[in-house]
Amino acid sequence: MKRVLIIGGGIVGATIAYELSQTSQFQITVIDQDVPAEASTGAALGILMGIISQKTKGRAWQLREVSMRRYPQLLEALREQTGATVPHCQGLIHLCFSEEETGKWQELAKLRQEQGWTLELWNLEQLQTNCPDLDLTGITGAVYSPQDLQVQPQALTQTLLKACQQNGVSCDWGVEATGISVEESQGYTIETNQGNYETDYLIIAAGLGSFPLTRHLQNPVTLRPVLGQAMRVRLPQPLNLPTVVTGDDTHIVPLGNADYWVGATVEFPDQPVETPIEKVWEKAVQFCPALATGEIIETWSGKRPRPEGQGAPVIQYLEGYERIIVATGHYRNGVLLAPATAERVKEMIVSG
């Protein structure tokens, strides 16, 4: 039986552990220095822009397509095993603010149809019918993606870890990895604040913590922190919106019970913040005025890992090591690409 140690208890590490636990050939342990789903996962809104993404070919699209085909199966499998339904919204609505966008979306809708997916182009009348709470001033139409979805990242991660533990995976929290000793013939020794762990395969899925773990090894993975920000808003009554609405880099995510996440695009922390959370709120209220009746009950921000010198995400054997796999640097797409990442890692280990 192959011993596998996964460093990182966020959405990526949890999904990898779950997929590996579907077979009996692995003895799996997950460690994290914090409680799971707090770091990059805790800064995510869980909006899965797969079909509606402008990525149409190559690795960027392939990973998205694998994940979007896997997600419905994964959510159902988790429900059947754990009895927990992961909160999620089916479908995404993307607002358009110029007529010039129409041709681009028409081409993408045609391509997606050829690929077996669906995108619907809505005119203003259709948008008003489906989303009566929107102010359509300055809006020219919308794209509706019925097969994309939004999941609540922390709930999904916790459910994955519950299923992992039911499948025999060991999960140790408050364990900080401080060093890696390499003995290729015998495996790896992971030094931690709670003692040493011995493993045959090491999977580093620690987000921004992946660089400190690899920097003293050959060819470390360099990552850059990228800021995400959002707020939780509570309204007197639910908005008349059928699902997630995104427009002008601002996202409105229904959470149930008239609560909503309002989130922004990302900024680099070492540069001036061009879109502070107040500006995000202003933009959201501009195209959805009913938000102004709500109360902002929580605001937060978090850092997500973006690789330097290579594309996101990084899913590969660490150069110079036969059994150290790095699965990190997902940037804004950790939740979206977690299933595809897990499938790729599993293939790498099984195939040797």
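Throughout, numbering of the chain's residues begins at 1 and tracks the sequence.
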Flag yes if more than 12 heavy atoms outside Gln90 fall under 6.0 Å of its CD atom; otherwise flag no. yes
Non-hydrogen atoms of Pro313 and His330 that approach each other most closely: CB-CD2, 3.4 Å
Grouping I, L, V, M, F, W and Y whenever their side-chain heavy atoms are under 4.5 Å apart, do Trp281 and Ile47 come out in a common cluster? no
Could you go step by step and tell me if Val335 and Tyr71 meet the side chain to side chain contact (heavy atoms under 4.5 Å, CB included) rule? CA-CA 10 Å; Val335 183; Tyr71 252 112; 3.5 Å; yes
Got a second to check how far Leu208's CG is from Thr328's OG1, nearest 0.5 Å? 7.0 Å
Salt bridge or not for Glu76 and Arg79, using N-O below 4.0 Å? yes
Would you mind reporting whether Pro305 and Val314 have side-chain heavy atoms less than 4.5 Å apart? no
Distance-minimising heavy-atom pair for Pro153 and Leu45: CG-C, 4.0 Å
Checking Arg112 against Trp61: charged group under 6.0 Å from the ring centre and within 45 degrees of the axis? yes
Would a single hydrophobic cluster contain both Ile203 and Tyr188, if residues Ile, Leu, Val, Met, Phe, Trp and Tyr are joined by side-chain heavy-atom contacts under 4.5 Å? no
Result for side chain to side chain contact (heavy atoms under 4.5 Å, CB included) between Cys89 and one of Thr243, Leu149, Asp148 points to Thr243
Using a 3.5 Å distance criterion without hydrogens, assess whether the side chain of Gln147 forms a donor-acceptor pair with backbone atoms of Thr118. yes
Can you give me the closest heavy-atom contact between Leu213 and Ala206, atom names plus distance? CD1-CB, 4.3 Å
Going through the distances and angles, do Lys346 and Glu343 end up as a salt bridge (Lys or Arg N to Asp or Glu O under 4.0 Å)? CA-CA 5 Å; Lys346 185 175 182 179; Glu343 183 173 307; over 6 Å; no
For Glu298, does its backbone N or O pair with a side-chain atom of Arg232 as donor and acceptor, under 3.5 Å? no
Strictly distance-based, threshold 3.5 Å: is any side-chain N or O of Tyr331 a donor or acceptor partner for the main-chain N or O of Gly311? no
Side-chain heavy atoms under 4.5 angstrom apart, residues restricted to Ile, Leu, Val, Met, Phe, Trp, Tyr: same cluster for Val169 and Leu78? yes
Can you confirm whether Glu125 is buried at CD, in the sense that more than 12 heavy atoms of other residues, nucleotides or ligands lie under 6.0 Å from that atom? no
Atom of Phe211, atom of Leu223 and distance for their closest heavy-atom approach: N-CD1, 4.3 Å
Polar side-chain atom of Thr293 near backbone of Ala290 as donor-acceptor pair, under 3.5 Å: yes
For a quick check under 3.5 Å, do Thr246 and His94 share a side-chain donor-acceptor pair by atom type? no
Does some side-chain heavy atom of His251 sit less than 4.5 Å from a side-chain heavy atom of Trp261? no
Drop me the distance from Thr137's OG1 to Ile139's CD1, to the nearest 0.5 angstrom. 7.5 Å
Distance only, no hydrogens: is a donor on one side chain within 3.5 Å (strictly under) of an acceptor on the other, for Gln115 and Glu65? no
Lys104, NZ atom: more than 12 neighbouring heavy atoms under 6.0 Å: yes
Main-chain N/O of Val35 paired to Asp32 side chain as donor or acceptor, under 3.5 Å: no
According to a hydrophobic-cluster definition based on side-chain heavy atoms being under 4.5 Å apart (Ile, Leu, Val, Met, Phe, Trp, Tyr only), do Val4 and Leu202 belong together? no
Using side-chain heavy atoms (C-beta onward) and a distance below 4.5 Å, is Ile52 in contact with Trp117? no
Mind checking whether Gln81 and Asn167 have side chains closer than 4.5 Å, heavy atoms only? yes
Keeping Thr222 on the side-chain end and Glu308 on the backbone end, is there a donor-acceptor pair under 3.5 Å? no
Consider only side-chain heavy atoms of I, L, V, M, F, W and Y, link residues closer than 4.5 Å, and tell whether Leu111 and Leu119 are in one cluster. no
Under the side chain to side chain contact (heavy atoms under 4.5 Å, CB included) rule, what do Lys162 and Gln166 come out as? Steps first, then yes or no, please. CA-CA 6 Å; Lys162 180 179 179 180; Gln166 291 175 349; 3.7 Å; yes
What is the distance from atom CG of Leu75 to atom OG1 of Thr159, rounded to the nearest 0.5 Å? 9.0 Å
At what distance, to the nearest 0.5 angstrom, does OG1 of Thr214 lie from CD1 of Ile180? 7.5 Å
Is there a donor-acceptor pair closer than 3.5 Å between any side-chain N or O of Asp200 and the backbone N or O of Arg3? yes
Heavy atoms from other residues, nucleotides or ligands near CD of Glu80 exceed 12 (cutoff 6.0 Å): yes
For Glu101, does the CD atom have more than 12 heavy-atom neighbours from other residues, nucleotides or ligands under 6.0 Å away? yes
Enclosure of Gln237 CD (heavy-atom neighbours >12, cutoff 6.0 Å): no
Heavy-atom donor-acceptor pair, Tyr197 side chain to Ile31 backbone, under 3.5 Å: no
If we only count heavy atoms from C-beta on, is the Cys96 to Val143 side-chain gap below 4.5 Å? yes
Between Leu108 and Ser53, the two heavy atoms sitting closest are CD2-O, 3.6 Å
Say you draw a straight line from CG of Leu95 to CZ of Phe287; how long is it, rounded to the nearest 0.5 Å? 5.5 Å
With no hydrogens and no angle check, just 3.5 Å: does a side-chain donor-acceptor pair link Asn130 and Tyr144? no
Distance-minimising heavy-atom pair for Val12 and Gly334: CG2-O, 4.0 Å
Only one of Asn193, Ile7, Thr192 forms a side chain to side chain contact (heavy atoms under 4.5 Å, CB included) with Glu176, so which one is it? Asn193
Using modelled atom types only, decide if a donor and an acceptor are shared between the side chain of Tyr317 and the backbone of Met348 within a distance under 3.5 Å. yes
Do Lys2 and Arg323 make a side-chain contact, defined as non-hydrogen atoms from C-beta onward lying under 4.5 Å apart? no
Between Thr15 (side chain only) and Pro339 (backbone N and O only), is there a donor and an acceptor less than 3.5 Å apart? no
Looking at Gln113, I'd like to know if its CD atom is crowded, meaning that more than 12 non-hydrogen atoms belonging to other residues, nucleotides or ligands lie closer than 6.0 Å. no
Kindly indicate whether the side chain of Val30, heavy atoms from C-beta on, has any atom under 4.5 Å from the side chain of Ser170. no
Would you kindly say whether Asp248 and Thr250 are connected by a side-chain donor-acceptor distance under 3.5 Å? no
Do we see a donor-acceptor contact under 3.5 Å between the side chains of Glu120 and Trp122? yes
Would Val245 and Cys288 satisfy side chain to side chain contact (heavy atoms under 4.5 Å, CB included), going step by step from the backbone distance to the final call? CA-CA 10 Å; Val245 175; Cys288 187; over 6 Å; no
Interatomic distance, Ile28 atom CD1 to Cys164 atom SG [nearest 0.5 angstrom]: 7.0 Å
If you define the side chain from C-beta out and look only at heavy atoms, does anything of Leu127 sit under 4.5 Å from Ile93? yes
